[in-house]
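Report on the following structure.
Just so we're on the same page: letters track the sequence lines, and every chain starts at 1.
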Amino acid sequence: MTAVAAKYEDLKKLDVEVLSVSVDSQFVHKVWQTEELSKMVEGGVPFPMVSDGAGKIGSVYGVYDEAAGVNVRGRFIIDPDGVIQAIEILTPPVGRNVSELFRQIQAFRLVRKTNGAEVAPSGWQPGKPTLKPGPELVGKVWEVWKPDLAF
Amino acid sequence: MEEMVFECGKSAGAKTIEEKQEIKEAIMATVKVGAKAPDFQAPAFYKGNFQQVKLSDFLGKWVVLCFYPGDFTFV
């Protein structure tokens with residue numbers, strides 16, 4: 001959470017808003033913010049901390065663990081039209097990677113900007129070559145892209 | 001975009017049949033890549049205040065919707 005908060009200004013530059021969601025009440029969110037988060041990142045978490053009482057939102061999004069009564073670590077990238085572009089779901093013991101979140105958002109923004117004329121191959125990052133899908137690319141990806149570009 | 005309003009203070013065990021049906025229908029709407037994100041409205045803590053947040057209010061922006069197990073756990 002604070003890892004995302006620390007990069008919030010950079011996310012805003014990419015026109016991104018963050019919504020964090022747990023089954024805790026908004027009142028517990030406030031206490032967590034005051035007692036802990038604000039000590040980990042200056043000013044605390046700068047985005048809305050949503051309360052998902054009884055896990056209803058999590059149930060709809062398929063991330064609510066009924067036995068444990070909590071939402072697992074689910075992350076959804078939603079585009080400006082309200083369409084889900086990416087989903088990542090992890091069990092609780094392992095945290096997510098904010099750098100990978102950035103990479104995916106940058107890639108989806110590129111695809112959207114070019115209206116799909118350019119796509120982002122494996123491991124793509126800004127500055128690396130994109131692919132331009134079309135009949136002439138079929139069977140010719142090897143000419144313009146090699147696996148070492150993924151790393 | 002279908003809207004669901006979630007109130008706080010309702011316990012998990014106290015779902016009415018209609019509520020359960022509502023959830024079932026919403027799940028049937030299927031959350032998957034390429035599909036519209038189900039809309040919701042719920043209470044939030046934001047900028048020092050308690051306020052309602054509605055997903056569809058953010059149309060026009062990219063949204064990262066981030067679920068986590070609970071406050072006071074690492075994320």
Side-chain angles (χ1 to χ4, degrees), chain A residues 1-4 11 14-33 36 46-63 68-87 92 95-96 101 105 109, chain B residues 1-2 4-15 19-20 22-75:
Chain A
M1 181 80 65
T2 46
V4 178
L11 285 166
L14 296 178
D15 210 22
V16 174
E17 185 53 272
V18 179
L19 299 176
S20 67
V21 187
S22 79
V23 297
D24 301 282
S25 74
Q26 64 270 44
F27 310 110
V28 176
H29 287 336
K30 179 182 190 290
V31 176
W32 190 29
Q33 173 85 299
E36 189 167 52
F47 43 78
M49 301 170 74
V50 178
S51 167
D52 181 20
K56 284 187 174 183
I57 305 171
S59 297
V60 170
Y61 278 81
V63 295
V70 298
N71 290 316
V72 295
R73 297 182 196 283
R75 187 222 64 190
F76 299 77
I77 298 175
I78 302 169
D79 76 13
D81 294 322
V83 173
I84 299 169
Q85 294 294 345
I87 301 175
R96 288 160 283 209
L101 171 68
I105 291 172
R109 279 170 54 94
Chain B
M1 201 178 264
E2 274 181 58
M4 292 162 290
V5 178
F6 300 129
E7 312 268 340
C8 63
K10 283 186 187 169
S11 76
K15 288 190 188 96
E19 277 179 323
K20 281 182 181 164
E22 218 172 84
I23 291 170
K24 210 172 158 189
E25 278 169 15
I27 292 170
M28 302 267 285
T30 59
V31 166
K32 58 182 178 185
V33 290
K36 282 265 184 188
D39 197 13
F40 60 82
Q41 184 176 321
F45 178 65
Y46 181 42
K47 288 185 176 168
N49 298 308
F50 299 123
Q51 60 186 76
Q52 291 287 315
V53 164
K54 194 176 178 184
L55 180 64
S56 54
D57 284 346
F58 298 96
L59 282 172
K61 297 194 81 162
W62 292 85
V63 173
V64 173
L65 184 62
C66 228
F67 293 88
Y68 62 98
D71 292 351
F72 297 99
T73 63
F74 80 98
V75 180

Going by the angle between their ring planes, with limits at 30° and 60°, are A/W32 and B/F72 parallel, tilted or perpendicular?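 If you compare the ring of A/W32 with that of B/F72, the planes turn out tilted.
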When rounded to the nearest 0.5 angstrom, what distance separates [atom1] in [X] from [atom2] in [Y]?
X     : Y     : atom1 : atom2 : result
B/Y68 : A/M49 : OH    : CE    : 4.0 Å
A/I78 : B/W62 : CD1   : CH2   : 11.0 Å
B/D71 : A/S51 : CG    : OG    : 9.0 Å

Only pairs of heavy atoms separated by less than 4.5 Å count here; which of [options] has the most with chain B?
options                     : value
A/H29, A/Q33, A/Q85         : A/H29
A/R109, A/E17, A/R75, A/E36 : A/E17
A/N71, A/L14, A/L11, A/I87  : A/N71

Within a reach of under 6.0 Å around NZ of B/K61, are more than 12 heavy atoms found that belong to other residues, nucleotides or ligands? yes
Is any side-chain heavy atom of B/F58 less than 4.5 Å from a side-chain heavy atom of A/L19?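 The answer is yes, as the side chains (C-beta and beyond) meet within the 4.5 Å cut-off.
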Are side-chain heavy atoms of A/V4 and B/V64 found at a separation under 4.5 Å?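 They are not in side-chain contact.
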Identify the two heavy atoms, one from [X] and one from [Y], that lie closest to each other, and give their separation to 0.1 Å.
X     : Y     : answer
B/V53 : A/P48 : CG2-CB, 3.9 Å
A/V50 : B/A42 : CG1-CB, 3.7 Å
B/K32 : A/I84 : O-CB, 3.8 Å
A/I57 : B/F67 : CG2-CZ, 3.9 Å

Heavy-atom cut-off 4.5 Å, strictly under: side chain, backbone, both or neither for A/V63 against chain B? side chain
Tell me if a side-chain donor or acceptor on A/Y61 pairs with a main-chain N or O of B/P38 at a distance below 3.5 Å. yes
When you measure from the side chain of A/K30 to the backbone N and O of B/N49, does any donor-acceptor pair fall under 3.5 Å? no
